[in-house]
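In what follows, a single structure is set out as C-alpha cells and then discussed.
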Amino acid sequence: QTAPPEIYTNTESSAASDVYKRQIRSWIRLGAVAGIVASLALPLAQFIPFPVPAQVWIVSVFGVAISLSSIGLYHLLAINQ
C-alpha cells in the first residue's frame, strides 16, 4: 500500500521520517473511523431509547470519538501546509 504523494516532501527520506509519515497516516485513518463512529453514536443516543447505562456509554464513546476525529482532521489538514 502506497501513501498519497502529498505526504512525501522529499524524493529520498530517512527511516525516522518514514516512521513519522506512517504515524501521520495512522492518525488520519483513526480519525476517519472515529468520525464515522461519532456521527453514528450521537443520533443513536438521541433517537433510540436505550437503558440509561447504555446511553451513558454511547455518549462517552461520542466524546472520545469526536476528539480522536479532531486529531485526525488536524493531521490531514496539516499535510498541505
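Taking CZ from Arg25 and CG from Leu30, the interatomic distance works out to 15.0 Å, rounded to the nearest 0.5 Å. Within the model, atoms CD1 of Ile28 and NE2 of His75 stand 8.0 Å from one another, a figure rounded to the nearest 0.5 Å.
Cluster annotation: Leu76 is not connected to Trp27 through the hydrophobic network of ILVMFWY side chains, with a link wherever side-chain heavy atoms come within less than 4.5 Å.
Side-chain heavy-atom separations under 4.5 angstrom define the hydrophobic clusters, and Tyr74 shares its cluster with no other residue.
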With a 3.5 Å cut-off and sequence neighbours excluded, list the donor-acceptor pairs that the side chains of residues 56-71 form with protein atoms.
residue : atom : partner : partner atom : Å
Ser60   : OG   : Val56   : O            : 2.8
Ser67   : OG   : Gly63   : O            : 3.4
Ser67   : OG   : Val64   : O            : 2.7
Ser69   : OG   : Ala65   : O            : 3.2
Ser69   : OG   : Ile66   : O            : 2.9
Ser70   : OG   : Ile66   : O            : 2.9

Result block: side-chain N/O donor-acceptor pairs under 3.5 angstrom for residues 37-51, not counting sequence neighbours:
residue : atom : partner : partner atom : Å
Ser39   : OG   : Gly35   : O            : 3.2
Ser39   : OG   : Ile36   : O            : 2.9

